Amino acid sequence: MQHQVETVRVSAPPAHGTVTAPPARAVLFDFGGTLYDYDTLAAGDRESLELLARLAGARCGSDEVHRAYRAALRRVFRTYLERDFYLHKDMFREATVEMLRELGAEAQPDHLQRYRESQWKLHRRDFQLRDGVPETLTELRRRGLRLGIVSNIDRDQLEHLGELAGLDGYFDWLLSSEQAGSCKPHRRIFEQALERAGCAPAEALFVGDSLSQDIAGANRAGLRSVLLWHRADREPPTDPVKPRHVISRIPDVLRLVA
């Protein structure tokens, strides 16, 4: 599906021939990477991986642990990406097991449990929403829009991070991939989101930071896709996945539903 791209970093008149979309009735958001920056949790995740490596008896430095984890996660993620549905705890567990194997260590169940407990504890220390998120969500609700989360995440993790973010105070509902039995970019999770929102695809904006999952999936399902793009040094790639709109800050969403 081809879309005309509108970037709202600067004000500009609509292009000649632009088809006017129906008024938005709902704004749906990805969670991780969109409403919060993964980098805010990076320090705690790093500490937890180092703890896991020590518990498993890996004899290596911090940098080696993280190089091994990043490489393992890339390999594992590629094998999961095209699946219609998977549990993220399975994917991340497989990545940590591969990491330890590469470091010459073996994962034990109690080590993996302590690793997860450490992660969740440090999330409470480090978690923060992106600038402008609470104010933007408050204004969208004031304007009468339906708000939802559509996230590739397991139910317990969404409840855990959602509590830290106070999401229940802003959103009409939260939909995890585990609850939907479907992972973005596949259509079923978007179709369930639209049922909850009670609107047609063209009446819903979907805001996300991933071209391959958020934007590709929203386009396929007919939603008005909005890419959150943070890099100032270059424009986002638009081949083969092209977002309908591109924004650089969450508050820019307000300009799309004015």
Side-chain angles (χ1 to χ4, degrees), residues 26-42 44-45 73 76-77 80-93 95 116 119-120 123-124 126-130 132-134 136-137 140-141 145-197 199 201 204-221 223-230 241 243 247 250 253:
V27 183
L28 312 180
F29 291 87
D30 170 52
F31 187 28
T34 300
L35 297 184
Y36 72 91
D37 188 339
Y38 288 119
D39 285 349
T40 62
L41 303 182
D45 288 344
L73 184 58
V76 170
F77 181 69
Y80 277 76
L81 182 59
E82 293 306 316
R83 302 183 188 183
D84 290 355
F85 173 66
Y86 54 88
L87 291 176
H88 285 68
K89 64 183 178 183
D90 293 338
M91 181 177 71
F92 289 115
R93 182 184 185 281
R116 184 176 177 85
Q119 271 192 312
W120 283 35
H123 288 168
R124 294 188 178 278
D126 297 335
F127 184 88
Q128 56 183 310
L129 291 167
R130 290 191 186 276
V133 168
T136 301
L137 298 177
L140 289 171
R141 288 190 68 86
L145 287 116
R146 297 276 290 170
L147 301 183
I149 288 282
V150 185
S151 179
N152 278 359
I153 193 172
D154 295 347
R155 185 196 296 257
D156 61 347
Q157 187 80 346
L158 180 56
E159 290 174 353
H160 161 61
L161 293 175
E163 178 188 351
L164 299 183
L167 295 185
D168 286 343
Y170 300 108
F171 287 94
D172 296 296
W173 44 264
L174 313 178
L175 180 61
S176 69
S177 53
E178 180 179 9
Q179 187 175 3
S182 171
C183 294
K184 296 176 290 185
H186 298 283
R187 291 181 64 99
R188 187 152 51 115
I189 190 171
F190 291 97
E191 290 168 351
Q192 290 187 40
L194 288 169
E195 287 179 10
R196 290 175 176 230
C199 66
L205 276 70
F206 187 83
V207 185
D209 67 307
S210 166
L211 282 164
S212 62
Q213 295 180 308
D214 298 323
I215 303 306
N219 286 350
R220 291 174 193 169
L223 286 78
R224 292 154 58 184
S225 58
V226 182
L227 175 66
L228 180 64
W229 182 255
H230 305 287
V241 180
I247 62 175
I250 288 294
V253 171

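Computed from a predicted structure; not experimentally measured. We number each residue from 1, following the sequence as shown.
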Ignoring hydrogens, what is the shortest heavy-atom contact between A221 and P201? Give both atom names and the distance. O-CB, 3.4 Å

Closest non-hydrogen atom pair between W173 and A193, with its separation: CZ2-O, 3.4 Å

Could you walk me through whether R116 and Q157 pass the side chain to side chain contact (heavy atoms under 4.5 Å, CB included) check? CA-CA 11 Å; R116 184 176 177 85; Q157 187 80 346; 4.3 Å; yes

Quick check for you: to the nearest 0.5 Å, what is the distance between Q128 atom CD and L41 atom CG? 9.0 Å

For side chain to side chain contact (heavy atoms under 4.5 Å, CB included), just list the numbers for V207 and I247, CA-CA rounded to whole Å, side-chain angles, deciding distance to a tenth of an Å, and then say yes or no. CA-CA 9 Å; V207 185; I247 62 175; 4.3 Å; yes

How many angstroms lie between CD1 in I149 and CZ in R196, if you round to the nearest 0.5 Å? 12.0 Å

State, with a plain yes or no, whether a side-chain heavy atom of F171 is found less than 4.5 Å away from one of L137. yes

Flag side-chain contact, heavy atom, 4.5 Å: L161 against H123: yes

Residue list, ring pair (Phe, Tyr, Trp, His ring centres under 6.0 Å) with Y86, at least two apart or on another chain: Y80, H88

Between I189 and the options S151, S177, C183, the side-chain contact (heavy atoms from CB on, under 4.5 Å) test singles out S177

Contact between V150 and D214 at the side-chain level, heavy atoms closer than 4.5 Å - yes or no? no

Hey, is the main chain of L147 close enough, under 3.5 Å, to the side chain of D172 for a donor-acceptor pair? yes

For a side chain to side chain contact (heavy atoms under 4.5 Å, CB included) check, start with the C-alpha distance between T40 and L129, then their side-chain angles and the critical distance, and finish with the verdict. CA-CA 9 Å; T40 62; L129 291 167; over 6 Å; no

Let me see the working for D154 and F92 under side chain to side chain contact (heavy atoms under 4.5 Å, CB included), right down to the final yes or no. CA-CA 11 Å; D154 295 347; F92 289 115; over 6 Å; no

Does R93 CZ have over 12 foreign heavy atoms under 6.0 Å away? no

Which donor-acceptor pairs under 3.5 Å do side chains of residues 28-38 form with protein atoms, sequence neighbours excluded?
{"unit_1": "D30", "atom_1": "OD1", "unit_2": "K184", "atom_2": "NZ", "d": "2.9"}
{"unit_1": "D30", "atom_1": "OD2", "unit_2": "T34", "atom_2": "OG1", "d": "2.8"}
{"unit_1": "T34", "atom_1": "OG1", "unit_2": "D209", "atom_2": "N", "d": "3.2"}
{"unit_1": "T34", "atom_1": "OG1", "unit_2": "D209", "atom_2": "OD1", "d": "3.1"}
{"unit_1": "D37", "atom_1": "OD1", "unit_2": "D39", "atom_2": "N", "d": "2.8"}
{"unit_1": "Y38", "atom_1": "OH", "unit_2": "G32", "atom_2": "O", "d": "3.2"}

Quick one: closest heavy-atom pair of I215 and G208, and the distance? CD1-O, 4.3 Å

Shortest non-hydrogen contact from L145 to A26? CD2-N, 3.8 Å

Answer yes when R124 and E163 have at least one side-chain N-carboxylate O distance shorter than 4.0 Å, and no when they do not. yes

Taking side chain to side chain donor-acceptor pair (under 3.5 Å) as the definition, give me every residue that meets it alongside D90, ordered by chain and number, with sequence neighbours left out. none

Closest non-hydrogen atoms of Q179 and Q192, given as atom of the first, atom of the second and distance, are O-OE1, 4.5 Å

Atom CD of Q119 and atom CG of D126: how far apart are they, to the nearest 0.5 Å? 11.5 Å

Is any side-chain heavy atom of R130 closer than 4.5 Å to one of H230? yes

CD of Q213 to CG of N152, rounded to nearest 0.5 Å, is 5.0 Å

P243 and L211, any side-chain heavy atoms less than 4.5 Å apart: yes

Nearest 0.5 angstrom please: H186 NE2 to E82 CD, how far? 6.0 Å

Would a distance-only check, ignoring hydrogens and angles, find a side-chain to backbone donor-acceptor pair under 3.5 Å from R220 to R187? no

Rounded to the nearest 0.5 Å, what separates atom CG in L164 from atom CD in E159? 12.0 Å

Please give me the minimum heavy-atom distance between R141 and G169, naming the atom from each residue. CD-O, 4.4 Å

Find out whether L194 and C199 are in side-chain contact, i.e. whether some heavy atom of one side chain is under 4.5 Å from a heavy atom of the other. yes

